[in-house]
There are 2 protein chains.
Amino acid sequence: MNEWKNNLRKIEPYVPGEQSKDKDIVKINANENPYPPSPAAIKALKEFNADSLRFYPPADATPLKAAIAEYYGVKVENVFLGNGSDDVIALSFQAFFNSKKPIAYPDITYSFYPVWCDLLSIPYKTYPLGADFRINVDNYKEENGGVIIPNPNAPTSLGEGEEFVRRLMDYNADSVVIIDEAYVDFGGKSSVPLTKEYENLLVTGTFSKSRSLAGMRIGFAIGSKALISVLEAVKNSYNSYTVDSLSIAMGIASIKDDTYFKATVAKIIATRERVTNELRELGFTVFDSQANFIFTTHEKFRAEEIFNYLKERKVFVRYFRIPAIENYLRISIGTDEEMNAFLKELKGYIKEKK
Amino acid sequence: MNEWKNNLRKIEPYVPGEQSKDKDIVKINANENPYPPSPAAIKALKEFNADSLRFYPPADATPLKAAIAEYYGVKVENVFLGNGSDDVIALSFQAFFNSKKPIAYPDITYSFYPVWCDLLSIPYKTYPLGADFRINVDNYKEENGGVIIPNPNAPTSLGEGEEFVRRLMDYNADSVVIIDEAYVDFGGKSSVPLTKEYENLLVTGTFSKSRSLAGMRIGFAIGSKALISVLEAVKNSYNSYTVDSLSIAMGIASIKDDTYFKATVAKIIATRERVTNELRELGFTVFDSQANFIFTTHEKFRAEEIFNYLKERKVFVRYFRIPAIENYLRISIGTDEEMNAFLKELKGYIKEKK
């Protein structure tokens, strides 16, 4: 009796980050885009033939794949689509990481990698970042069952160039290497062109950050036909219709509106540079970010104390209770007004401490 | 060199059913609803604050869970949401079917069950339907690692009552039992009330059929807190945000519009009964359907020949190349006009054969 309880999956529930619904707060804790989606994407939404939602979406979401392929200069067969890049990466782990050897990634990085490894019973080994918080590519010479590197990395905000990726690929001719480019559009160097040279390189991306469509769940991967076809086979054995019809329509309109995209990204970068300078003037160490967030520390103030002080004043930034970065804050780039509100409260904190 | 190719997942690609984009065709092959979504759901779409799509959806999609809980008279903690019921069932397999014993289901049923078992390395055993194509509940007395039964079953269209489910639960106190109710709203008997009695019973449902929202990917499960909490933990270790913001908004509006829902379902049932009678007059054997499709055979005509004849005339029905049902057709219930077009071509076929 009740033996079924023994067969329930034992798993530590992953707790997603805090998402306050309070309209008054300055929400710069989830790396969301402070600007709305492209007007063209909103138009696609408003003009969508809602009656047609009674039909299943196209199973392979080809129209959106074609738009992404055109944007990146690859073929449709090189593009994979999923329900956000989390879905794409989770399916990639299942598709590519079937070795008994551990997969390799940095110790300070996207917190979901070990969660997927645990869920999918994939062994893993993490490599420490350098003292400068950069990834040491030579660590990834060691034999492994696969590699995943975010570029830029999170929460450090630091990006690596083509030379880094080429060395990584040279060391790993026997592994599938995933470069997770969730933040690349904010000044990073995309490795998509390298997928034409390296058949074992998969690059993942998302419409959630630079395209302001976090609410619509659109992720993608670009790689060789050898990789994409396996990814498709795994996905089609799991859920044929992961990207819904409205996401397809809005995604196409978004990627075709390059003018809005470039303007929005430029605004965020300009705000980031200004805030970086102001923080440095206040004595903060701020890394040279290539992302839509900054990673910062102050030798005189405790990050956790600043986090709590700001939270009480309705400014939500991100603090990680992880030893190596326990005195750092990750601050998403909001509008100039939001960042001014953040800086004002921060200056209030510093004044109180003096 | 190229050892990575050895670690690619070896999997037979699942090929989804044919989805023609031709506007002229009578598409009664995918069990889609011939009527549009509720006007309230369409209004929710048109009035949605698209700027807010820059935010991630609520990770637990609570507002939609609450609406579903209210509709079914259960608590929010008894409701799970996923990206279509395929996502819900795939996660349920991972959450509940971790025994070494095979899970049990009928041999003629939803074709995705063995696909998920293969993907997730879950052993399974199928039990043949009776000569009348009904499920023999006594088969499921045998020790197993879990049970999944669609009610009504597909493609047979036959539903089972409360007594069947109670016996199934009595036989399976040691297993999690999933009742897949994708088609239940078209005249079947829902087992949701029984989830309050049986802690090991999970009922899954979808907004794709009776609520005309196949394009938005909304699936759900209802069960005890013991089951739902494990399902949540697995899902949160896979992808925190599976149901997008627009699906949440449209789903809520849809489930609150019970008048439209009841009217639409009643129309489909009326059309189904009429078409069933007409087919019987033409000499077809038609099962008493509790779904939005009918399953039929004719002793004088080959199902495959009818399928091809209709297809040439742009009427798409579903034919399965499976020995036990190789002389049967599954015909989704469309509008009266669509069904008249189908019947006209079918009569043309019969006339030619005489």
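Residue numbers begin at 1 in each chain, while the letters A, B, ... track the order of the sequences. When reading the values below, keep in mind they use all heavy atoms of this one structure, side chains included, and skip hydrogens, waters and symmetry mates.
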Review point. So what's closer than 4.5 Å to chain B heavy atoms on K209(A): side chain, backbone, both or neither?
Key: side chain

Revision key, fill the gap. One should read off an interatomic distance between L231(A) CG and I11(B) CD1, to the nearest 0.5 angstrom, of 11.5 Å

Exercise for review: Look at A90(B), S52(B), S212(B) and state which one has the largest set of heavy-atom pairs under 4.5 Å with chain A.
Suggested key: S212(B)

Check your understanding: S247(A) versus chain B, heavy atoms under 4.5 Å apart: side chain, backbone, both or neither?
Key -> side chain

Check your understanding: What pairs with K46(B) under salt bridge (Lys or Arg N to Asp or Glu O under 4.0 Å), at least two apart in sequence or on another chain?
Key -> none

Revision key, fill the gap. Under 4.5 Å to a heavy atom of chain B? For K101(A) that would be side chain

Check your understanding: Hey, does P57(B) have a side-chain heavy atom less than 4.5 Å from the side chain of R217(A)?
Key -> yes

Review point. Do you know which of A233(A), S237(A), A95(A) has the most heavy-atom pairs with chain B at a distance under 4.5 angstrom?
Key: S237(A)

Check your understanding: What residue in E199(B), R211(B), Q94(B) has the most heavy-atom pairs under 4.5 Å with chain A?
Key -> E199(B)

Exercise for review: Inspect the surroundings of CD in E77(A) and state if more than 12 heavy atoms from other residues, nucleotides or ligands are less than 6.0 Å away.
Suggested key: yes

Practice item. Rounded to the nearest 0.5 Å, what's the gap from CG on N7(B) to CD1 on I103(A)? Could you check? Key: 12.0 Å

Study note, to complete from the structure: Under 4.5 Å to a heavy atom of chain A? For L8(B) that would be both

**Study point:** Heavy-atom contact with chain A under 4.5 Å, split by part of F112(B)
**Key:** side chain

Point to revise | Main-chain N/O of N33(A) paired with R54(B) side-chain donor or acceptor, under 3.5 Å | key: yes

Study note, to complete from the structure: Cut-off 4.5 Å, heavy atoms of chain A, and the answer for T242(B) is both

Check your understanding: What part of L227(B) gets closer than 4.5 Å to chain A, counting heavy atoms only: side chain, backbone, both or neither?
Key -> side chain

Check your understanding: Where does K10(B) contact chain A at under 4.5 Å (heavy atoms): side chain, backbone, both or neither?
Key -> neither

Revision key, fill the gap. Looking only at D60(A), L45(A), I248(A), L213(A), the option with the highest number of non-hydrogen pairs under 4.5 Å against chain B is L45(A)

Point to revise | Toward chain B, the part of S99(A) with a non-hydrogen atom under 4.5 Å | key: both

Point to revise | Heavy-atom pairs under 4.5 Å with chain A, option from P34(B), A41(B), G146(B) with the top count | key: P34(B)

Check your understanding: What is the minimum heavy-atom distance between V230(A) and R9(B), and which atoms define it?
Key -> CG1-O, 3.6 Å

**Study point:** Partner set under salt bridge (Lys or Arg N to Asp or Glu O under 4.0 Å) for E47(A), not counting sequence neighbours
**Key:** K43(A)

**Study point:** Among the listed options G145(A), S229(A), A226(A), P36(A), the residue most often paired with chain B at heavy-atom distances under 4.5 Å
**Key:** P36(A)

Point to revise | Side chain / backbone / both / neither for K100(A) at chain B, heavy atoms under 4.5 Å | key: neither

Exercise for review: State yes or no: are the ring centers of Y238(A) and Y238(B) separated by less than 6.0 Å?
Suggested key: yes

Check your understanding: Is a donor on one side and an acceptor on the other found under 3.5 Å between the side chain of N239(B) and the backbone of N83(A)?
Key -> yes

Exercise for review: Let me know if L91(A) has heavy atoms under 4.5 Å from chain B in its side chain, its backbone, both or neither.
Suggested key: both

Exercise for review: Return yes when atom CD of E143(A) has more than 12 non-hydrogen atoms of other residues, nucleotides or ligands closer than 6.0 Å, and no otherwise.
Suggested key: no

Study note, to complete from the structure: Answer key: most heavy-atom pairs under 4.5 Å with chain B among N200(A), I42(A), D86(A) is N200(A)

Practice item. Calculate, to the nearest 0.5 Å, the distance between atoms OG and CG belonging to S240(A) and D87(B) respectively. Key: 11.5 Å

Point to revise | Toward chain B, the part of F207(A) with a non-hydrogen atom under 4.5 Å | key: neither

Review point. Are any of the side-chain heavy atoms of Y56(A) and S208(B) separated by less than 4.5 Å?
Key: yes

**Study point:** Donor-acceptor contact present, side-chain D174(A) to main-chain N2(B), <3.5 Å
**Key:** yes

